[in-house]
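Contents: one structure, followed by commentary.
Below, chains carry the letters A, B, ... as their sequence lines are ordered, and counting in each starts from 1.
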Amino acid sequence: MPELPEVETTCRGIAPHILNRTVQDVHVREARLRWPVPATLGHTLVGARFKAVNRRAKYLLLETDRGILMIHLGMSGSLRIMPTDTPPLFHDHIDLVLDDGNCLRYHDPRRFGSFHWLEQLEHSLLDHLGPEPLADIFDGAHMYQRSRGRRIPVKQFVMDGKIVVGVGNIYANEALFMAGIHPARAAGRVALARYEVLAQTIKTVLGDAIQQGGTTLRDFVGGDGSPGYFAQQLSVYGRQGHPCKACKSALKEIRQGGRSTVFCPSCQR
DNA sequence: ATGACAACCTGTGGGC
DNA sequence: TGCCCACAGGTTGTCA
């Protein structure tokens, strides 16, 4: 489900509600996520106080005075703040009960998300991650340099977390459209100047989506339960067969790496 | 190293 | 109406 803007929206939404709160109790109703939720999570977390809420790639890093809770939302995960006595719904797998009558509740029908406990800010899943797309060190030169000699389609290249993190299927489609680059073009055959444009469109589309509270297609909700409003600004994703907003040509859909790609065959070369 | 693909899991929508 | 298949915002692991 969530790409970087949705994770960032969640991060900002829950932060004010959990900062300086202490975990009173932990309920794990379903431990079978992408990786098993540690059986000791409750023991470790009860009594811990949240000190900072950060994000790295699509991982949420909830820092406590004892260690760090690392959460990934997978395809269908969401985190919400609600009164502890709210009856859990189907697929509400985990509650972190706070000391103010609220809880942080994790909902995830497909169970592709994960909970990890870190003693230090160090984990194999965080190794080898590419730069943050909104950081200055991520630029066209970086993509250009990393793409030389590669035949992989540029769409799949920008979705590779070792190149740049956080760009999922929706925003990869949108950024390529904005940059006028054909998604099937080999990554190694995109010129530096075009990568400079692409780096900028990635930053723009992610930044705009964060401002809109993310994209809600089906079920994404932020920390307060409200949806994101970026879906209405999508130019290509989900608009196959509809007219290009720039040239009115019919948008085309193809499959790349098992994922849907939508683009304008006229504007994108 | 690279790239292709299966795997993890549930829900939904379209076609018949 | 009901059934079956394809597909959905992600990522890891395996294999050639």
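Look at A:His72 and you'll find a side-chain N or O under 4.0 angstrom from OP1 or OP2 of C:dT11. Regarding contacts with the backbone of C:dA8, a side-chain N or O of A:Arg255 is found under 4.0 angstrom from either OP1 or OP2. Distances shown here put every side-chain N or O of A:Arg32 at or beyond 4.0 Å from the OP1 or OP2 atom of B:dC9. A sub-4.0 Å separation between OP1 or OP2 of C:dG10 and a side-chain N or O of A:Arg259 is present. When the side-chain nitrogen and oxygen atoms of A:Arg111 are compared with OP1 and OP2 of B:dT10, one or more of them lie within a distance under 4.0 Å.
Stacking of A:Arg146 on the aromatic ring of A:Tyr144 is not recorded, the 6.0 Å distance cut-off and the 45° axial limit not both being met.
Summarising the geometry, the separation between CH2 on A:Trp35 and P on B:dA7 is reported as 17 Å, rounded to the nearest angstrom. Nucleotide B:dG13 holds its C1' atom 15 Å from the CG atom of A:Leu217, rounded to whole Å.
In this structure, the side chain of A:Glu63 does not engage the main chain of A:Asn54 through any donor-acceptor pair within 3.5 Å.
In this structure, of C:dG9, B:dG11, C:dG10, it is C:dG10 that holds the atom nearest to the side chain of A:Phe112. When distances are taken from the side chain of A:Ile170 to each of B:dG3, C:dT12, C:dG9, the shortest belongs to C:dG9.
Comparing the P positions of B:dT10 and C:dT1 gives an interatomic distance of 27 Å, to the nearest angstrom. Taking atom P in both B:dC9 and C:dC3, one finds a spacing of 24 Å when rounded to whole Å.
Annotation: of the two residues near DNA chain C, A:Arg110 and A:Leu125, the 5′-most nearest-nucleotide partner is A:Arg110. For the pair A:Arg34 and A:His91, both in contact range of DNA chain B, the more 5′-proximal nearest nucleotide belongs to A:Arg34.
The pair A:Arg66-A:Glu119 does not meet the salt-bridge criterion, since no charged nitrogen lies less than 4.0 angstrom from a carboxylate oxygen.
Ring to ring, A:His123 and A:His116 are close: their centroids are under 6.0 angstrom apart.
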